[in-house]
Amino acid sequence: MSELLANLNQEQFAAVTLPNQSALILAGAGSGKTRVLTTRIAWLIQTGQATPANILAVTFTNKAAKEMTARLSAMLPINLRGMWIGTFHGLCNRFLRAHHQDAGLPAMFQILDSADQLSAIKRLLKALNVDDEKHPPKEVMYFINGNKDAGLRPQHVEADDEFGRKRVEYYRAYDEQCQREGVVDFAELLLRTYELLLKNELLREHYQSRFKHILVDEFQDTNVLQYKWLKLLAGAGLQGAAPATANAIFAVGDDDQSIYAFRGARVGNMLDFERDFHVQNLIKLEQNYRSHGHILDAANALIKNNAQRLGKNLWTDAGHGEPVRVFESQTDLDEARWLISEIKALIADGSKRSEIALLYRSNAQSRVIEQMLFAEGIPYKVYGGLRFFERAEVKHAIAYLRLLANPDDDTSYARVVNFPARGIGARSLEQLNDAAKTRDMANPAGISFYRAVPLLPQGKAAQSFAAFNKLIDGMREATQHLPLKEIIDHVLDHSGLRAHYKAEREGQERLENLNELINAAANFTQEDEDSLIAFLTHASLEAGDNQAEAGQDAVQLMSVHSSKGLEFNQVFITGLEEGLFPHENSTKELDGIDEERRLMYVAITRARHRLYLSFAQTRMLHGQTRYNSKSQFLNEIPEQGLKWLTPRFGSVWAGDDDFVATEKPTYAKSKAPGDSGWRIGQNVLHAKFGNGVIVDAEGSGQDGRLQVNFGRNGVKWLALAYAKLEKV
DNA sequence: TCTTGTCCGGTTTTT
DNA sequence: CCGGACAAGA
């Protein structure tokens with residue numbers, strides 16, 4: 001016990017040993033968050049306050065869940081089975097597999113990843129003859145997911161115009177299609193689980209009495225539905241305050257690191273949680289064990305510019321360390337050249353390449369840097385590309401496997417019915433689609449492609465489809481009792497995938513990936529479950545690491561978003577320019593700049609010993625040279641902690657108007673009425689609509705109109721002469 | 001039905 | 001500028 005709690009600082013200790021009540025732990029970057037979470041679980045068990053079966057620990061990424069499990073098994077000499085540790089989606093999947101009947105799902109239900117979902121929606125819209133100019137599939141997808149993430153079914157969505165009604169109709173049709181095909185998308189995993197718990201009292205009470213301790217990692221990233229789900233599991237009721245009988249939720253999060261609002265995360269959940277669960281135990285972990293003082297000072301000073309924080313200040317006893325280095329270059333190419341020389345120097349000084357990270361706001365920025373690293377022969381690894389299970393050839397193989405498990409999965413059917421080519425084109429598939437829409441009493445929603453084949457009028461197409469069905473059935477029978485690895489091997493041969501890629505000139509790499517799939521299957525061991533289903537779930541839920549060239553000591557390139565949770569000895573934050581970081585699109589969203597600033601905060605706090613910030617005066621973007629001014633975030637970091645590597649005076653950035661250029665500059669769009677001081681991106685307050693941000697403007701002075709995004713209150717055009725707007 | 005050209009659009013990402 | 005998505009020829 002004392003061993004368990006040894007070496008915790010005062011706040012960590014307090015958090016770990018809190019009494020059995022809900023608590024919110026504000027854990028700053030590098031403050032030992034994971035350690036507190038895992039030690040808390042171990043402590044609850046060791047002191048006899050909980051059994052493993054009483055624990056539910058939920059994270060956002062598989063990586064975090066694995067890390068937690070690994071650390072726990074190092075701490076506890078007991079079997080961790082019975083404890084539910086996993087991602088929101090993973091846990092919901094587990095729940096739905098166990099209660100698929102109550103949830104109205106087939107035992108073999110398949111999980112659609114985002115790409116599958118998009119193609120399912122495309123197929124649906126095509127079948128409904130929807131004009132995809134007016135309703136682009138991507139937007140329909142965002143609409144559906146946005147509503148599911150908020151816990152809303154089609155009947156809950158209000159639509160006040162024709163356009164809105166149409167989208168709700170598509171949402172409803174999409175849900176019907178998924179139901180018929182026996183597939184669920186990511187958001188559905190959560191929503192289905194939530195709804196089942198809501199309506200089934202027996203199940204709800206069972207899980208409520210089981211999970212006495214619910215622990216949540218990265219709480220600031222939860223969306224509306226995830227929070228509702230947690231409340232339900234905790235027995236906290238849906239409205240208002242939780243009763244005293246509610247289970248304890250131990251939430252760990254950092255509002256300053258909330259960078260996923262764009263995908264539905266709601267920081268406000270932290271405040272709601274405090275209120276709903278009468279949180280008396282708010283503990284701040286502010287001692288940072290990662291970075292030197294100057295780096296933390298920069299981070300603290302920057303994030304102070306955000307309003308609406310829960311408030312937190314990182315400190316360290318590791319000393320000031322080195323100043324933050326700043327480099328200004330003429331062009332993006334110069335920036336890359338400087339990066340290379342600096343990296344070479346660091347390596348020459350004995351730094352490991354894998355301890356050097358190059359961060360950027362958007363992935364497109366990596367190209368220039370990559371090219372130069374490649375030319376110089378410096379090993380590097382880019383994160384954020386295609387992942388293993390997202391590769392086309394792997395998805396094809398998976399589609400065949402899914403059809404073995406569930407032939408009604410139309411997305412998979414459509415994907416491979418003509419791959420490799422079997423003379424079944426778009427025309428034939430359309431015919432089949434028509435046949436599948438046939439409704440009768442037995443099948444009010446229509447039937448799947450697979451089942452529609454016998455309904456086709458005799459002809460060439462009907463024969464081709466029948467042959468394909470036979471192929472699938474044949475493979476299913478032949479592989480029925482084989483181990484997973486041999487199932488896949490059989491499918492690769494009999495589907496013709498292997499032969500297809502063998503014949504292709506550049507198919508070598510794809511073949512290797514298919515073999516890699518067999519390897520993955522061979523290493524995949526799942527105890528008491530149907531191994532094929534388990535493997536398919538694994539493929540959907542854990543897309544697999546990016547092209548990991550394991551073992552190679554390489555410089556790390558990634559977007560700021562993907563750097564969250566990681567740390568490096570030396571960090572370069574590149575492209576610190578207005579329009580790029582902060583990104584220009586962010587100015588059009590409510591609180592957009594604040595989220596960009598949190599992003600910058602995340603970036604800064606990745607660095608242990610040395611932090612570099614760089615920006616370029618001109619940058620090639622979309623084939624055009626853009627002239628940007630340096631990022632406002634640079635101005636928000638106090639000068640005394642900075643060390644400029646380039647001279648500051650004579651900089652062309654003395655003022656935008658003094659700009660001297662040989663080419664005609666293309667400024668970032670900034671039209672605003674006259675000199676009134678209104679500008680795009682400005683935050684404003686309106687008596688009726690509340691807080692908003694200016695997105696567009698026309699006219700000038702008192703004749704001008706401003707377009708303002710008021711978030712949930714909509715986007716409005718306001719005439720300056722009438723509307724009373726305050727700058728915030 | 002499969003290959004070649006043109007057009008468009010272009011943050012961030014996990015599950 | 002560069003890749004993906006779709007429309008016209010072999």
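These numbers come from a predicted model, not from an experiment. When reading the values below, keep in mind they use all heavy atoms of this one structure, side chains included, and skip hydrogens, waters and symmetry mates. We name chains A, B, ... by the order of the sequence lines, and we start the count at 1 in each one.
Out of B:dT13, B:dT15, C:dC2, the shortest distance to the side chain of A:Phe186 is found at B:dT15. Out of B:dT13, B:dT11, B:dT15, the shortest distance to the side chain of A:Thr87 is found at B:dT15. Checking B:dT11, C:dC1, B:dT14 against the side-chain heavy atoms of A:Arg367 singles out C:dC1 as nearest. Listed nucleotides: B:dT15, C:dC2, B:dT11. Nearest to the side chain of A:His583: B:dT11.
The aromatic rings of A:His561 and A:Tyr260 sit tilted relative to each other, their planes meeting at an angle between 30° and 60°.
Spacing between atom NE2 of A:His538 and atom P of B:dT15 amounts to 12 Å, rounded to whole angstrom units.
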ask   = Could you walk me through whether A:Leu112 and A:Phe186 pass the side chain to side chain contact (heavy atoms under 4.5 Å, CB included) check?
value = CA-CA 7 Å; A:Leu112 301 183; A:Phe186 288 137; over 6 Å; no

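In this structure, A:Phe262 counts as stacked on the base of B:dT12 under the 5.5 Å centre distance and 30° plane angle limits.
Scanning for side chain to side chain donor-acceptor pair (under 3.5 Å) contacts around A:Thr331 gives A:Asp334, with sequence neighbours left out.
In this structure, CG in A:Leu613 is found 12.0 Å from CZ in A:Phe633, a value given to the nearest 0.5 Å. One finds the CG atom of A:Leu197 at 8.0 Å from the NE2 atom of A:His99 (value rounded to the nearest 0.5 Å).
For A:Arg361 against B:dT12, a side-chain-to-base donor-acceptor contact under 3.5 Å is present. Side-chain atoms of A:Ser586 and base atoms of B:dT11 include no donor and acceptor less than 3.5 Å apart.
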Which atom pairs link the protein and nucleotides 2-9 of chain B when you take only N or O atoms and keep those under 3.5 Å?
from: B:dC2; atom 1: OP2; to: A:Asn418; atom 2: ND2; distance (Å): 3.4

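Residue-to-nucleotide proximity on DNA chain B shows that, of A:Ser562 and A:Ser428, the 5′-proximal contact is made by A:Ser428. Along DNA chain B, the nucleotide closest to A:Ser540 and the one closest to A:Asn585 are compared, and the more 5′ of them pairs with A:Asn585.
Heavy atoms from other residues, nucleotides or ligands lying under 6.0 Å from NZ of A:Lys395 number more than 12.
Between B:dT11 and C:dG4, the distance separating the two P atoms is 14 Å to the nearest Å.
With a 4.5 Å cut-off on side-chain heavy atoms, A:Tyr612 and A:Leu339 do not count as touching.
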